[in-house]
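Down below is the structure, laid out as structure tokens.
Chain letters run A, B, ... following the sequence lines, proteins first and then strands; every chain starts at 1. As a basis for the values below, the full set of heavy atoms in this structure was taken, side chains included, without hydrogen atoms, waters or symmetry mates. This structure is a prediction, so every number in the text was calculated from the model and none was measured.
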Number of protein chains: 2
Amino acid sequence: MTSSIKVLLAEDQSMVREALAALLGLEDDIEVVAQVARGDEVLAAVGAHGVDVALLDIEMPGCTGIEAAARVHREHPGVKLVVLTTFGRPGYLRSAMEAGADAFLVKDAPAAQLAEAIRKVLAGERVIDPTLAAAALAEGANPLTEREREVLRAAADGSTNAELARTLHLSQGTVRNYLSTAIQKLAVRNRAEAVRTAREKGWL
Amino acid sequence: MTSSIKVLLAEDQSMVREALAALLGLEDDIEVVAQVARGDEVLAAVGAHGVDVALLDIEMPGCTGIEAAARVHREHPGVKLVVLTTFGRPGYLRSAMEAGADAFLVKDAPAAQLAEAIRKVLAGERVIDPTLAAAALAEGANPLTEREREVLRAAADGSTNAELARTLHLSQGTVRNYLSTAIQKLAVRNRAEAVRTAREKGWL
DNA sequence: CGATCCGTATGACATCTGTCATCCGGCGGT
DNA sequence: ACCGCCGGATGACAGATGTCATACGGATCG
């Protein structure tokens, strides 16, 4: 090849990040030119290193890999984006695609798919698990409104209605109403289940 | 050296597992002789490959890395055990040590510590993050009884009292009593918070 | 043997949660 | 101009949840 593919690695757990770097280091057409541990460091690193492909974990401090992807997509439209995640949540796939991702991989896929995906996106292909794609389409869009999501997110840690009302500057009754409609939309029977299924679908 | 260290790698996410294998492959005194993706496959693999060190993730299907560690410790006392986890929960450290682990590493420690830990445990040393060790000691033992833990675990997904009573073969009142005492022991104000803090401490 | 803890259970009570009907103002379509 | 949806709110009601006192049998420890 004329020159190797320059890759940025964004992943907060250093052991995993460096292990992935070691893995990619075995491929002689791929070079890891930068590593970051936070979502909010991705954009600067992409700018600084003339990266061809950014490999982004979703769960990161600073900002999520999906947000980071959106920013890179806006500022550096030529950079290819591979989103890598522990959780194969259909909602994540959807948001990743909306953020401009070129590939979506789950961490329990075989390691060989990683280098392969990097080469494919550089060739202009998109890489998505077909099963996950089907699930994302079958499930439909997030039915929750922004406010309902916020309340649900705030309720996730077990806060009581009174606390939620205080922190969100709402009346206690309104909090109950939002939670009630969220519970109905998600077809579950209480807030705990609502939080659970919203999380599972990647809607939270 | 005379011969390389034989390592078993147990981790459910193949991408991470194979990446760690690549990382360890860079060390010329270490050889990954077996890889498994489930906790309940660890014991057999250890027996089959004459493993020197078993590297165990905690969160795995089949059984947890801690349970796997306990079994290996019982059946093959000579095998050194390194427990690796995403979550630096003091309760995990405690249980890992009780299960006979020789090292406890969190995945956001630098990758270099992994090979280092493997060599150290083989030399008879123990490897523990001092900060985490202090936290584990400071926090004290798990105050929950076995039954309280079970009920809390079952309640974690948002099941109602009636459902819990059915699945655990208890009266509804008894379920409430257990949850109530758990809530008081954890000094929180409802079951959701109880689940949350018990999880955080690694007590669940 | 008594003290203490655990598992299990009941009943009564207070509070929290979830539902429903209803209302208001604002904003985006048609 | 009107309809429908969203954010926000109230009040009433039923059911779920959390607390407390109390009880009994078994285990364990002194």
Side-chain angles (χ1 to χ4, degrees), chain A residues 91 94-95 98 139-204, chain B residues 91 94-95 98 139-204:
Chain A
R94 183 181 293 265
S95 335
E98 284 167 6
E139 151 181 292
N142 188 339
L144 302 174
T145 71
E146 173 57 25
R147 221 50 182 137
E148 286 160 359
R149 262 197 305 279
E150 273 178 54
V151 178
L152 210 50
R153 226 175 298 149
D157 65 353
S159 299
T160 145
N161 282 337
E163 287 169 341
L164 294 174
R166 241 172 291 128
T167 62
L168 297 170
H169 308 292
L170 290 174
S171 95
Q172 206 168 316
T174 305
V175 170
R176 289 212 305 249
N177 287 152
Y178 283 146
L179 286 174
S180 183
T181 60
I183 287 166
Q184 287 176 290
K185 283 179 179 178
L186 298 174
V188 293
R189 287 194 326 300
N190 55 50
R191 62 183 69 194
E193 284 189 346
V195 167
R196 195 168 184 279
T197 67
R199 276 238 178 86
E200 262 171 25
K201 305 235 184 187
W203 286 344
L204 210 126
Chain B
R94 183 181 292 267
S95 337
E98 284 166 7
E139 153 183 291
N142 187 340
L144 303 174
T145 71
E146 173 58 27
R147 219 52 179 136
E148 286 159 359
R149 260 196 307 278
E150 273 177 54
V151 177
L152 210 50
R153 226 175 298 149
D157 64 353
S159 299
T160 146
N161 282 336
E163 288 168 340
L164 294 174
R166 242 172 290 130
T167 63
L168 297 169
H169 308 292
L170 289 174
S171 95
Q172 209 173 135
T174 304
V175 169
R176 289 210 306 242
N177 287 151
Y178 284 146
L179 287 173
S180 182
T181 60
I183 287 166
Q184 286 176 293
K185 284 179 178 176
L186 298 174
V188 294
R189 287 195 323 302
N190 55 51
R191 61 183 70 194
E193 282 190 347
V195 167
R196 194 170 185 277
T197 67
R199 276 236 178 87
E200 261 171 25
K201 305 236 183 185
W203 285 345
L204 211 124

(message) What is the separation between atom NE2 on His169(A) and atom C1' on dA9(D), rounded to the nearest whole Å?
(response) 17 Å

(request) Look at all strands and tell whether Asn190(B) reaches a base, only sugar-phosphate, or nothing, counting heavy atoms closer than 4.0 Å. (result) sugar-phosphate

(message) Taking the nucleotide of DNA chain C with the nearest heavy atom to each, does Lys185(B) or Ala192(A) sit closer to the 5' end?
(response) Lys185(B)

(message) Checking contacts here: which listed nucleotide (dC20(D), dG7(D), dA9(C)) is nearest the side-chain heavy atoms of Ser171(B)?
(response) dA9(C)

(message) So that I can tick it off, tell me whether Arg196(B) and Glu193(B) are bridged by a salt bridge, with the cut-off set at under 4.0 angstrom between side-chain N and carboxylate O.
(response) no

(request) Counting heavy atoms from C-beta on, name the nucleotide in dT19(C), dA9(C), dG18(D) closest to the side chain of Gln184(A). (result) dT19(C)

(message) Can you tell me which nucleotide in dT19(D), dT8(C), dT19(C) comes closest to the side chain of Ser180(A)?
(response) dT19(C)

(message) It should be established whether Arg176(A) places a side-chain nitrogen or oxygen under 4.0 Å from OP1 or OP2 of nucleotide dC16(C).
(response) no

(message) Distance check needed: dT17(C) P versus Arg189(A) CZ, whole Å only.
(response) 17 Å

(message) Nearest whole Å is fine: how far is dG15(D) C1' from Ile183(A) CD1?
(response) 13 Å

(request) Would you tell me if any nitrogen or oxygen in the side chain of Thr145(A) comes within less than 4.0 Å of OP1 or OP2 on dC5(D)? (result) no

(message) Keeping Thr167(A) on the side-chain end and Glu163(A) on the backbone end, is there a donor-acceptor pair under 3.5 Å?
(response) yes

(message) Of the options dA21(D), dG7(C), dA9(D), whose atoms approach the side-chain atoms of Asn177(A) most closely?
(response) dA9(D)

(message) By the 4.0 Å heavy-atom rule, please label Arg147(A) as base, sugar-phosphate, or nothing.
(response) sugar-phosphate

(message) Could you check whether any side-chain N or O of Glu148(B) sits under 3.5 Å from a backbone N or O of Leu144(B), counting only pairs where one atom can act as donor and the other as acceptor?
(response) no

(message) Would you say Asn161(B) places a side-chain N or O within less than 4.0 Å of OP1 or OP2 belonging to dT17(D)?
(response) yes

(message) Check Arg153(A) with Glu150(A), please: is the shortest side-chain N to carboxylate O separation under 4.0 Å?
(response) no

(request) Describe the nucleic acid contact of Thr174(B) in one word from base, sugar-phosphate, nothing, applying a heavy-atom distance below 4.0 Å. (result) base

